[in-house]
Structures are given as C-alpha cells and as structure tokens.
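Just so it is clear, the model here is predicted, and its values are computed rather than measured.
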Amino acid sequence: LPIYADFFYNKGLESLNNNEYKTAINFFKQALSNNPRYPEVYYNQGLAYLKLEKTDKAIEAFNKGAKEGSATSVAELVKLKSNSINTNQK
C-alpha cells in the first residue's frame with residue numbers, strides 16, 4: 001500500500017504546483033487512505049487548504065503532520081499563530 005500512497009502524493013504535488021488545489025487535496029486524501037502516517041502529505045495538504053483560504057482545515061492538516069514528525073508542519077503552525085496574533089493586535 002505505501003507505493004500507492006507515493007503515487008497519489010506525487011499526483012497531489014503535481015496538482016498543487018499547477019494551482020489545482022481541490023484536485024491536490026483529493027489526491028492527498030487518497031495518499032493518506034493508503035498511508036495515514038505520511039507527514040509530508042499532511043503538510044502539502046495544509047498548503048493546498050491555505051491556498052483555498054480554508055485556514056481551519058489547513059491547521060488540522062498541519063497538526064496531523066506535526067504529530068507524525070513534520071517539522072515543516074510545525075513551522076507553518078507557528079507562522080499561522082504569529083500571523084493571527086499580529087492581525088488581532090492591529
């Protein structure tokens with residue numbers, strides 16, 4: 001099954017790079033259904049959700065990625081939290 005996860009992950013990356021965010025998210029969901037412990041997928045899924053301005057979904061994906069050991073997901077969470085604090089202080 002991990003080979004299918006890689007296939008769907010790569011298709012998701014391709015879609016993400018082509019600004020096809022909804023398609024990317026669907027591919028990432030398929031990757032995760034084959035391997036739910038794939039931190040890079042959660043990170044990139046979070047990026048796609050951010051592009052669609054679905055911040056809550058992005059945070060959820062980044063949290064899952066962070067739990068699986070994705071340092072990039074943690075960095076995105078910190079950045080989002082920082083942006084939220086800065087926005088609320090204005």
Side-chain angles (χ1 to χ4, degrees):
L1 288 176
I3 193 164
Y4 293 113
D6 288 343
F7 171 78
F8 290 120
Y9 173 60
N10 288 324
K11 295 294 281 181
L13 287 179
E14 185 179 310
S15 297
L16 185 63
N17 290 332
N18 289 324
N19 302 324
E20 299 166 352
Y21 305 119
K22 289 180 182 178
T23 302
I25 289 166
N26 287 329
F27 279 125
F28 293 142
K29 285 179 180 178
Q30 288 179 288
L32 291 168
S33 73
N34 285 282
N35 181 3
R37 303 196 68 186
Y38 203 153
E40 295 87 355
V41 177
Y42 289 114
Y43 168 71
N44 285 289
Q45 185 180 50
L47 293 180
Y49 279 125
L50 281 181
K51 292 291 189 178
L52 293 173
E53 298 182 5
K54 295 185 177 188
T55 307
D56 290 345
K57 292 269 194 185
I59 290 170
E60 185 181 324
F62 292 140
N63 275 325
K64 289 178 181 177
K67 286 178 184 169
E68 293 301 329
S70 169
T72 49
S73 287
V74 173
E76 284 298 325
L77 287 168
V78 169
K79 189 167 31 171
L80 286 169
K81 185 73 168 171
S82 175
N83 289 343
S84 173
I85 291 168
N86 291 338
T87 302
N88 291 335
Q89 291 179 347
K90 291 182 180 175

### Task
For Asn10, check side-chain contact (heavy atoms from CB on, under 4.5 Å) against everything at least two apart and list the hits.
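Leu13.
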Between side-chain atoms of residues 55-63 and protein atoms elsewhere (two or more places apart, or another chain), which donor-acceptor pairs fall under 3.5 Å?
from: Asn63; atom 1: ND2; to: Ile59; atom 2: O; distance (Å): 3.3

### Residues which pass side-chain hydrogen bond (donor to acceptor under 3.5 Å, both in side chains) with Ser70, listed by chain and number, not counting sequence neighbours
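Scan of Ser70 (side-chain hydrogen bond (donor to acceptor under 3.5 Å, both in side chains), adjacent residues dropped) gives Thr72, Ser73.
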#### Entry: salt bridge (Lys or Arg N to Asp or Glu O under 4.0 Å) contacts in which one or both residues fall within residues 16-32, not counting sequence neighbours
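Qualifying pairs: none.
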### Query
Who are the salt bridge (charged side-chain N to carboxylate O under 4.0 Å, His left out) partners of Lys79, not counting sequence neighbours?
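Checked Lys79 against salt bridge (charged side-chain N to carboxylate O under 4.0 Å, His left out); matches are Glu76.
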### Task
Using the test salt bridge (charged side-chain N to carboxylate O under 4.0 Å, His left out), find all partners of Glu14 that sit at least two apart in sequence or belong to another chain.
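Glu14: no salt bridge (charged side-chain N to carboxylate O under 4.0 Å, His left out) contacts found.
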For residues 36-54, tabulate all N or O donor-acceptor pairs below 3.5 Å that involve a side-chain atom, not counting sequence neighbours.
from: Arg37; atom 1: NE; to: Glu68; atom 2: OE1; distance (Å): 2.9
from: Arg37; atom 1: NH2; to: Glu68; atom 2: OE1; distance (Å): 3.3
from: Tyr38; atom 1: OH; to: Asp6; atom 2: OD1; distance (Å): 2.7
from: Tyr42; atom 1: OH; to: Pro36; atom 2: O; distance (Å): 2.8
from: Asn44; atom 1: ND2; to: Tyr9; atom 2: OH; distance (Å): 3.2
from: Asn44; atom 1: ND2; to: Glu40; atom 2: O; distance (Å): 2.9

### Message
According to a hydrophobic-cluster definition based on side-chain heavy atoms being under 4.5 Å apart (Ile, Leu, Val, Met, Phe, Trp, Tyr only), do Ile3 and Phe8 belong together?
### Response
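Yes, Ile3 and Phe8 fall within the same hydrophobic cluster.
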### Heavy-atom donor-acceptor pair, Ser84 side chain to Leu80 backbone, under 3.5 Å
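Absent.
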### Query
So, Asn35 side chain and Ala31 main chain: donor-acceptor pair closer than 3.5 Å or not?
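No; judged by distance alone, with no hydrogens or angles, the pair does not exist.
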### Task
Name all pairs fulfilling the ring-ring contact (aromatic ring centres under 6.0 Å, His included) condition that reach into residues 14-35, sequence neighbours left out, sorted by first residue then second.
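Checked against ring-ring contact (aromatic ring centres under 6.0 Å, His included) - neighbours excluded - no pair reaches residues 14-35.
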